[in-house]
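Every chain is numbered from 1 and lettered A, B, ... according to where its sequence line falls, protein lines coming before strand lines.
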Protein chains: 6
Amino acid sequence: MSTLKPAAEPESNARVKAVFDDIRATRKSDFVNNFWRYLAFDPQLLEETWAGVKSVMAMPSALDPLTKEMLYIAVSMTNACRYCVHSHTAAARAKGMTDDMYADLLRVVSTAARTNQLLNGIQVPVDDAFEADP
Amino acid sequence: MSTLKPAAEPESNARVKAVFDDIRATRKSDFVNNFWRYLAFDPQLLEETWAGVKSVMAMPSALDPLTKEMLYIAVSMTNACRYCVHSHTAAARAKGMTDDMYADLLRVVSTAARTNQLLNGIQVPVDDAFEADP
Amino acid sequence: MSTLKPAAEPESNARVKAVFDDIRATRKSDFVNNFWRYLAFDPQLLEETWAGVKSVMAMPSALDPLTKEMLYIAVSMTNACRYCVHSHTAAARAKGMTDDMYADLLRVVSTAARTNQLLNGIQVPVDDAFEADP
Amino acid sequence: MSTLKPAAEPESNARVKAVFDDIRATRKSDFVNNFWRYLAFDPQLLEETWAGVKSVMAMPSALDPLTKEMLYIAVSMTNACRYCVHSHTAAARAKGMTDDMYADLLRVVSTAARTNQLLNGIQVPVDDAFEADP
Amino acid sequence: MSTLKPAAEPESNARVKAVFDDIRATRKSDFVNNFWRYLAFDPQLLEETWAGVKSVMAMPSALDPLTKEMLYIAVSMTNACRYCVHSHTAAARAKGMTDDMYADLLRVVSTAARTNQLLNGIQVPVDDAFEADP
Amino acid sequence: MSTLKPAAEPESNARVKAVFDDIRATRKSDFVNNFWRYLAFDPQLLEETWAGVKSVMAMPSALDPLTKEMLYIAVSMTNACRYCVHSHTAAARAKGMTDDMYADLLRVVSTAARTNQLLNGIQVPVDDAFEADP
């Protein structure tokens, strides 16, 4: 159940078709997942969102593609975003994340959440040693 | 300003001293940061927390130490934990995170937050293709 | 699947009936949505919650009704509250939110989430110029 | 205290200068707030972030500028982003938000957080009546 | 630094004075903490908020006052609300929370955050055995 | 739908069997809920997580078992963790939480979320009176 009804034929809109074509070309796959199909109700929102995700996740950059997918999972878990957790865990597996790596990711993010709680509770003062701009 | 006053000489407690000694030995440094000094008000809480963090962050595992620090930063940013952001950004830099890598991490986590919002708003149904257990 | 079983005939309780009657009268509709039916397991919780929502959302105030519904959606998306997202998106549409307005709302809240992440990560100092009480 | 040290003369970098010039021109003001000064450590991150914020917040769109600022505040409060709360509350006041409107915004977002909690706790099933795609 | 400037003499407004008087009478103390002093910029917001907090926290109910304060701390830590963490930790101590109890609270809430992360990550299906309404 | 497929016979792994045996012995029940069945894909993650939960939730400590379950619910609601809300509400009921107590818990946590929002919005300065370490 969603808050909007996606168009039956979204690619009848030229702007939507251009984005979908770029998604297929970038990913070398015919599959366009639901996220983009639902965003297509507004071509500008679709274009801006795809441009942002493509630039960060599909272009070479300082971090390797798998590390970027794992960071994406970490944030999505923390924000309780069910769809993002599913789509980016699938993407991470496709890029080589093994069960051992996934288990390790889960160990790190759950430990982070645990100490985040403690520090937001105790309100420990930040050490001067961590100052980036002394 | 914190919710508790740390002991002036926490290591006068033998259980606290044992943990602090292990922190110094594990990290090969004399520096014990405030988090542990404040947790020391309760030796059991200190012991359990350090054991958990040490096992995940200081022991070899499937992910490399820098990737683990970056995942820790990603979760801490999302949970708005100021102390954790500072301590783990400092740790990541100490383990080799360059400005380029840090900028890339910021690009990924802010993009994740952006699409998390969209999906939690539209409530897009998860594609069957992402099913791990068909 | 819920954490409690709603009563089969909640309005057999006079306090519950009084609230449901007020919901119907305030909204000029026979429809009482599930939120209130589940809260009815405790008449005091039901009364307090309805009084709060009615005062803020159903009474004339400085902001117009549609703006208030959109603010409600923005918070509910950020808190990953699936029910609230659905009920308040429906309410906003009923009060005149078009697809164009909804797309714009999604653009704003996803951009806010994006920069919230960056600022919670970098911990940028607040400019003096933003001081409300110099 | 921040996680990075901003450059003393960020505009000695041509890409940074171009963004700062556009910020000043767009806002018709000489003031460039700290957010952009800190993001300037990475010109690509600065360019992408400014392009996103400008497109959504500084260009005419379906919602009026003040409504957009108030939505931005609502998300920033929920994400506990101190900087964003300050900068966007200042921006909303500059665009005409009175004390009465601000109080009303606070009433709505705090009521939303209250019912979000109840619904995430009780896990009330979403009514069929809210279905956008029957 | 706050987003508004509190009135120098808030009690010159009769509605504000009535609320402050009730706070003092309810708490049997002359101290009115900053939260109420800042909310006083809008008497309706002040009245509604105090009425809600008083009804839940200052009136006898099914849970004892200390348990209620500890629940308040747990939510405030999770929402990263610094002020609330401080005010309700002080209130819990005033109502009898010892260091041992505080340490135990911290152990529980940090463990909850840890498993919340795991479950939001793995998306484990809810067992039928937990169904409240079979 | 989950991000991993649990093993058909997880207890064929000796480490998993040892944890499941301990869960059954600790809880004096044959029921092992899905959380542990899914975590079993990685014996180390399973062992560490169970050890943490057992130590905090199943061992006598400063707070009574029911108060600990209610704190767990409060955090899980705030983190929008559907599974945890269901499992810990069921556990709290099994330990004696009545409908009246549950309603009171809901009143407290929803009021906390309401004032958390106000304070994260207004950024009220913390009173000196709350200082634990003057």
Side-chain angles (χ1 to χ4, degrees), chain A residues 1-4 31 33-35 37-39 49 52-53 55-57 61-63 67-68 70-72 74-84 86-90 98 100-101 103-105 107-109 111-127 129-130 132, chain B residues 1-4 31 33-35 38-39 45 49 52-53 55-57 61-63 67-68 70-72 74-84 86-90 98 100-101 103-105 107-109 111-127 129-130 132:
Chain A
M1 183 169 173
S2 302
T3 64
L4 58 86
F31 180 56
N33 56 304
N34 281 340
F35 182 35
R37 295 187 176 282
Y38 279 72
L39 285 185
T49 308
V53 171
S55 169
V56 173
M57 300 304 286
S61 62
L63 300 176
T67 297
K68 292 194 284 190
M70 292 193 296
L71 290 168
Y72 219 111
V75 174
S76 302
M77 289 169 64
T78 313
N79 279 330
C81 182
R82 184 169 169 267
Y83 186 97
C84 320
H86 278 295
S87 61
H88 289 278
T89 304
T98 62
D100 278 358
M101 295 167 78
D104 212 27
L105 177 153
R107 293 170 72 230
V108 174
V109 298
T111 300
R114 178 188 185 180
T115 62
N116 288 176
Q117 275 280 20
L118 291 174
L119 284 150
N120 279 340
I122 301 177
Q123 296 280 324
V124 177
V126 181
D127 306 72
F130 299 145
Chain B
M1 183 170 174
S2 301
T3 63
L4 57 86
F31 179 56
N33 56 304
N34 281 341
F35 181 36
Y38 279 72
L39 285 185
L45 176 62
T49 309
V53 170
S55 170
V56 173
M57 299 304 286
S61 62
L63 301 176
T67 297
K68 291 194 285 189
M70 292 193 296
L71 290 168
Y72 219 111
V75 174
S76 302
M77 288 168 64
T78 314
N79 279 329
C81 182
R82 184 169 169 269
Y83 186 97
C84 319
H86 278 295
S87 61
H88 289 279
T89 304
T98 62
D100 278 358
M101 294 167 78
D104 212 27
L105 178 154
R107 293 170 71 230
V108 174
V109 300
T111 300
R114 177 187 186 181
T115 62
N116 288 177
Q117 275 281 18
L118 291 174
L119 284 150
N120 278 339
I122 302 177
Q123 297 279 324
V124 176
V126 180
D127 305 72
F130 298 146

Original post:
At a heavy-atom separation under 4.5 Å, does B:L105 approach chain A through its side chain, its backbone, both, or neither?
Top reply: both
To check you understand the geometry: which heavy-atom pair defines the closest contact between [X] and [Y], and what is its length?
| X | Y | value |
| --- | --- | --- |
| B:F31 | A:A129 | CZ-CB, 3.7 Å |
| A:A74 | B:L71 | CB-CD2, 4.0 Å |
| B:S61 | A:D104 | OG-OD2, 2.6 Å |
| B:N120 | A:N79 | ND2-O, 3.3 Å |

Heavy-atom pairs under 4.5 Å with chain A - which of [options] has more of them than the others?
| options | answer |
| --- | --- |
| B:M1, B:R114, B:M57 | B:R114 |
| B:A113, B:G52, B:C84 | B:C84 |
| B:V126, B:V109, B:T98 | B:V126 |

Once you round to the nearest 0.5 Å, how far does [atom1] of [X] lie from [atom2] of [Y]?
| X | Y | atom1 | atom2 | value |
| --- | --- | --- | --- | --- |
| B:S87 | A:L119 | OG | CG | 7.0 Å |
| A:L39 | B:I122 | CG | CD1 | 5.0 Å |
| B:N116 | A:M77 | CG | CE | 12.0 Å |

Subject >> Per-residue contact mode, A:A62 against chain B (heavy atom under 4.5 angstrom) >> reply: both
Subject >> chain B contact via A:A80 - side chain, backbone, both or neither, heavy atoms under 4.5 Å >> reply: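 Contact with chain B: backbone only.
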Subject >> Contact leader toward chain B among A:P125, A:G121, A:A90, where contacts are heavy-atom pairs under 4.5 Å >> reply: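 Option with the greatest count: A:P125.
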Subject >> Partner chain B: residue of A:T111, A:T67, A:D100 with the largest heavy-atom pair count (under 4.5 Å) >> reply: A:T111
Subject >> Whether B:N34 side chain and A:V124 backbone form a donor-acceptor pair below 3.5 Å >> reply: no
**OP:** May I ask you to decide if A:S55's main-chain N or O and B:R107's side chain share a donor-acceptor pair within less than 3.5 Å?
**Re:** yes
Subject >> Side-chain donor-acceptor pair present, A:Y83, B:D127, cut-off under 3.5 Å >> reply: yes
Original post:
Should A:L118 and B:Y38 count as side-chain neighbours, where that means a heavy-atom distance under 4.5 Å?
Top reply: no
